[in-house]
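The sequence lines fix the lettering, A, B, ..., with proteins before strands; numbering per chain opens at 1. Basis for what follows: all heavy atoms, side chains included, without hydrogens, waters or symmetry-related copies.
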Number of protein chains: 2
Amino acid sequence: METARVPGTPTIREVAALAQVSAMTVSRVLRGSPTVSQTNRERVEAAVKVLGYRPNAVARSLRQRHRTGTVGLIVTNLGNPFYAALALGIEAELAPQGRRVMLTNTAGDPASERDAVGDLASRQVEGIILVPAGPTQAYLAEELPGGPPVVMVGRPPSGIDADCVLVDDFGGAHAATNALLAAGHRRIGFLGNPPSVYTGSERYRGFCAALEEAGVPLPDDYVRRAQQDLASAEAAADQLLALPEPPTAIFCTNNRNTIGAYRALRRNQVVATISGFDDFELADVLTVPVTVVTYDAESLGRHAARLLAGRMAGGDVDQSTLPRRIVVPTTVVTHAALPSAGTASRGVRAEA
Amino acid sequence: METARVPGTPTIREVAALAQVSAMTVSRVLRGSPTVSQTNRERVEAAVKVLGYRPNAVARSLRQRHRTGTVGLIVTNLGNPFYAALALGIEAELAPQGRRVMLTNTAGDPASERDAVGDLASRQVEGIILVPAGPTQAYLAEELPGGPPVVMVGRPPSGIDADCVLVDDFGGAHAATNALLAAGHRRIGFLGNPPSVYTGSERYRGFCAALEEAGVPLPDDYVRRAQQDLASAEAAADQLLALPEPPTAIFCTNNRNTIGAYRALRRNQVVATISGFDDFELADVLTVPVTVVTYDAESLGRHAARLLAGRMAGGDVDQSTLPRRIVVPTTVVTHAALPSAGTASRGVRAEA
DNA sequence: CTGTTAGCGCTTTCAG
DNA sequence: CTGAAAGCGCTAACAG
């Protein structure tokens, strides 16, 4: 049974046999150890080439106790360009470290998130970057005792300690609302996620704070909640527009809501200023003015990867270091309306 | 040295010791083998719970020779919504099979693609889904002798045999061009990728075939090439519009070109019909008519994952089966222009 | 139904 | 500088 091997997958022993050295010498050459004679190094390299040998990373990981060079990424919806950009940033940061990303899409299902965490831990990932789907991550405490470090993205950890990377939700909403106020708006509606969602409540807080600072009132019926889909946002915007005194501007807490609101305006043939989180392509060619809050999702991913790298095996951060938190800044971009006589520029940027 | 273990990572032996059975019995229980007595099963399950034991998938993979339950995905640009949707479809198809996706972004660099293939093979992925960056994949033959099966997406394999999933590039371009002809256009310009890119040449072929069938001439200067970025597309479109007899419609082979062409029209205050591959959000609210070719990128990913599943360990396809090819159909969607008096519908679909 | 033995492919450890 | 022995955590193969 000694010779019953697949021809295409040689092992280190076969390389050793061909090179007439021990497996250890081959192992040393493969890892670039300096303690190998020039002669042996060449013999081994030749044998590797002849056999088309490729080291088995799984076997290596097993022996090296958990050094798998893999990182888990759990997102709620890869179809959202925001998460795609996040994944891109993470991959770009980790690949040069020789680490690979294992991708999981939860479709917003907390149970699926929990399963994924368990499975990734089983696969010995060295760390996990998590965009949480549910309200709490307390389960991580029992799921990962002594397991891989976790970095959370987009909302702070709840029920557990972990590093995290956040967007300046409050500041961005505050700045965008200020831009609307500066443009002379006094009747400003709000279209957003339910307050149970972290980003939704933070952005609502920023919105309210700006209004309050300006002494501008916010009638109860100017506040509408919608889900993350166009239809629900359109319906909510319709309600705003149907008010006896409709708002002259609407602030939306996410991309879907912004575009839904625009469609409602267009269908009702109303001109009002649209404002919201997340820039989008063609925002500058719409028939109403658009003011958006934007930020660099790829950079968010890079930050998350760097935080994680610090916690992983070989990282620079002491495990006793307190949870770290990075807040990524936002920028307000004002797009002129298509038929407007205003500035013709594609976008006017202002620091948040 | 027997007890020098990290408390948080128990092994199967510790579970066995606690349950007072052998490691094999634990292993059997974990995998749901029916040949375990009820008593022992309960003892083991209790011990697992007490210790918080989680099987080590790396050790399992090593023993089970390559059954890692991982698949490699190599794309050129995750930031492109098309690839994000592709990844989503692949993940959705593989996750229920207990397989995880290892993601790699090549940024269009063939050398990076080759490195990624080697690394993924080293990590013992059971298969690879590849959106090729370079003109040939001949290197796979020497890189993967007896290695994991590969499925290509978006363009057919070159220099090697492999299953692949393609978009009906020819048919889509043909149908879209026919739609322009049916709308009465006789001066139709072409804005596309260099013909060295598979999709570019196929779409050009479809475009030409439709014109030829209709007996409509295609002047040389009606054909312009652009890269996959807005600036280059805008410049190329400018040239088309600057012709003595400019086209009344422009067919573009990709999303970036379509939007670039639209920006050129808008800047030059010209009304012409825009047509192109890939639908995009807000296409229906532009100031000119837009006719796009669309297809389901997520479904493309699902098809790719299914083809791969057939070739992987435990798959249903004999390895001697000839390379399979799936062509995903396209749909032509006509969006009415914003100020037009035509149909008010969001989009008129027609089978390609 | 259960356990023992052996070994996946590699690297740590220690002895030359 | 080199190699032999042992074993990472798990499971196939066999024997009871």
Under the rule for salt bridge (charged side-chain N to carboxylate O under 4.0 Å, His left out), what residues qualify as partners of [X], not counting sequence neighbours?
{"X": "B/Arg114", "value": "B/Glu142, B/Glu143"}
{"X": "B/Arg123", "value": "B/Asp119"}
{"X": "B/Arg306", "value": "B/Glu93"}
{"X": "A/Arg155", "value": "none"}

Rounded to the nearest Å, what distance is computed from the [atom1] atom of residue [X] to the [atom2] atom of nucleotide [N]?
{"X": "A/Glu14", "N": "C/dC10", "atom1": "CD", "atom2": "C1'", "result": "14 Å"}
{"X": "A/His66", "N": "D/dC8", "atom1": "NE2", "atom2": "C1'", "result": "9 Å"}
{"X": "B/Tyr53", "N": "D/dG9", "atom1": "OH", "atom2": "P", "result": "10 Å"}
{"X": "A/Asn56", "N": "D/dC8", "atom1": "CG", "atom2": "P", "result": "18 Å"}
{"X": "B/Arg13", "N": "C/dT4", "atom1": "CZ", "atom2": "P", "result": "11 Å"}
{"X": "A/Arg63", "N": "C/dG9", "atom1": "CZ", "atom2": "P", "result": "16 Å"}
{"X": "A/Leu51", "N": "C/dG9", "atom1": "CG", "atom2": "P", "result": "14 Å"}
{"X": "B/Arg60", "N": "C/dG7", "atom1": "CZ", "atom2": "P", "result": "22 Å"}

Ordered by number, residues from residues 19-38 of chain B within less than 4.0 Å of DNA chain C (heavy atoms) are B/Val21, B/Ser22, B/Met24, B/Thr25, B/Arg28, B/Pro34, B/Thr35, B/Val36, B/Ser37
Heavy atoms only: give me the nearest B/Ala121-B/Pro148 pair and the separation to one decimal. CB-CD, 4.5 Å
Qualifying salt bridge (Lys or Arg N to Asp or Glu O under 4.0 Å) pairs, either residue in residues 15-29 of chain B, two or more places apart: none
Give a yes/no answer on whether the side chain of [X] brings an N or O atom under 4.0 Å of OP1 or OP2 in [N].
{"X": "A/Arg65", "N": "D/dG9", "value": "yes"}
{"X": "B/Gln64", "N": "C/dC8", "value": "no"}
{"X": "A/Asn40", "N": "D/dT2", "value": "yes"}

Pair A/Arg99, A/Thr70 - check side-chain hydrogen bond (donor to acceptor under 3.5 Å, both in side chains), show working. CA-CA 5 Å; A/Arg99 299 195 218 258; A/Thr70 54; over 6 Å; no
Quick one: list whatever passes ring-ring contact (aromatic ring centres under 6.0 Å, His included) with A/Phe82, sequence neighbours left out. A/Tyr295
So if I take the C1' atoms of five pairs at each end of the helix from C/dC1-D/dG16 to C/dG16-D/dC1 and get each local axis, what angle do the two axes make, rounded to 10 degrees? 40°
Check side-chain contact (heavy atoms from CB on, under 4.5 Å) between B/Asp161 and all other residues, then give those that pass, not counting sequence neighbours. B/Pro323
